[in-house]
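The structure displayed is predicted, hence computed values, not measured ones. Counting convention: from 1, in listed order, for ligands and their atoms alike.
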Amino acid sequence: MPTAAALADHVRRVTLAESKRAEVGHIGSSLSVADVLGALFAEVLNVPAVDDPDRDRFILSKGHAALALYAALHGVGRLSDEQLRGFCGELSPLGAHPEHRVDGIDFSTGSLGMGLPMGAGAALAARLQGSRRRVFVLVSDAECNEGSLWEAVMFAAHRGLGNLVAIVDLNGQQALGYTRDVLDLAPLAERWRAFGWDVTETDGHDAPGLARLLGGLDPEAERPHAVIARTTFGKGVSYMEGRIKWHYWPMSDDEYAQALAEVGA
Ligand SMILES: [Mg+2]
């Protein structure tokens, strides 16, 4: 099993390579969460077997970063080279958004604001079944614009779901603008706290630190956990960082070569 940092590097390289091969965008959103996914899949998620009912669950609520999820699954040996190369190809189960027909993906996502409601249900089910499994949900900051997210926030606090962890990818951007202009989220941590959650703010690009933090959250706690991860959209590729264009745009050949060089591939 790779370390959190090594898996995050793998996620960056695979995201660039497969995005280029398939001519599909959502690169900046994927690079934003590479370290979070590296930490989760290398060092946090307990998955003894893909069909183990007590395995931890992970939901990529920001489903448009699917390529980063596929890269993480590939990096821990849960997707083959051949499966990965099918990304966005005809009849491939690996589409631009995750589908639950793929082994290792429990929930289809991409309709924003829906991942945390599903996660809250999964966490409640675990409690009712007496299972120790944990549920981790990665949401975008812009999903905090969605009423459905806040319904789940209230529900999880009401049911005391300490086995639920929401990780907020706080990159300050969304598809068509900066969150401060579209719908300002500040003060985000205080808002989650006011709804009854245990909240930690952290550097979303410190993969080892994220692994320690996420792995140490108490699933027996009476409050659900929110980790506000401060991230940079397009992290690691200088011309993408903080640029709205790279929500959708694919790379030219020259841009691809520069991106690979910058992430050390
Ligand atoms: Mg965002």
Side-chain angles (χ1 to χ4, degrees), residues 8 11-12 15-16 19 24-40 58-72 96-98 107 109-119 136-150 152-153 165-192 195 197 199-207 210 214 225-251 259 263:
V11 169
R12 281 183 274 273
T15 292
L16 293 172
S19 168
V24 171
H26 288 138
I27 308 165
S29 304
S30 295
L31 296 176
S32 186
V33 297
D35 293 289
V36 170
L37 293 177
L40 280 169
F58 172 71
I59 301 172
L60 181 68
S61 189
K62 47 172 290 179
H64 52 285
L67 183 48
L69 173 58
Y70 304 147
H97 295 82
F107 297 85
T109 53
S111 184
L112 297 173
M114 294 294 129
L116 195 62
M118 291 191 283
F136 295 85
V137 184
L138 177 54
V139 305
S140 70
D141 46 4
E143 289 190 270
C144 299
N145 295 359
E146 303 269 2
S148 53
L149 179 136
W150 293 105
V153 168
V165 179
I167 305 159
V168 182
D169 172 31
L170 186 66
N171 59 27
Q173 289 183 219
Q174 54 199 95
L176 300 175
Y178 295 98
T179 55
R180 65 176 179 268
D181 300 322
V182 178
L183 186 54
D184 197 5
L185 302 167
L188 189 60
E190 283 83 343
R191 290 179 183 187
W192 284 79
F195 277 80
W197 285 54
V199 181
T200 309
E201 297 179 81
T202 192
D203 175 358
H205 294 302
D206 172 11
L210 284 162
L214 293 167
H225 307 280
V227 172
I228 312 283
R230 291 183 299 272
T231 56
T232 299
F233 182 89
K235 176 71 175 179
V237 179
S238 58
Y239 63 84
M240 289 188 193
E241 290 188 358
R243 302 282 300 280
I244 298 296
K245 163 184 171 179
W246 292 101
H247 185 88
Y248 289 117
W249 220 252
M251 294 168 285
V263 303

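Qualifying side-chain hydrogen bond (donor to acceptor under 3.5 Å, both in side chains) partners for H64, counting only residues two or more places apart in sequence or in other chains: none.
Atom CZ of R191 has more than 12 heavy atoms from other residues, nucleotides or ligands within 6.0 Å.
Judged by distance alone, the side chain of Y248 and the main-chain N or O of V24 form no donor-acceptor pair under 3.5 Å. Looking only at distances, no side-chain donor or acceptor of S30 sits under 3.5 Å from a matching main-chain atom of T15. At least one donor-acceptor pair under 3.5 Å links the side chain of S140 to the backbone N or O of E143.
Between F195 and W150, the two ring planes are tilted [angle within 30° to 60°].
Protein N/O/S atoms found under 2.8 Å from the Mg ion (ligand 1), listed by chain and residue number: D141 OD1, N171 OD1, Q173 O.
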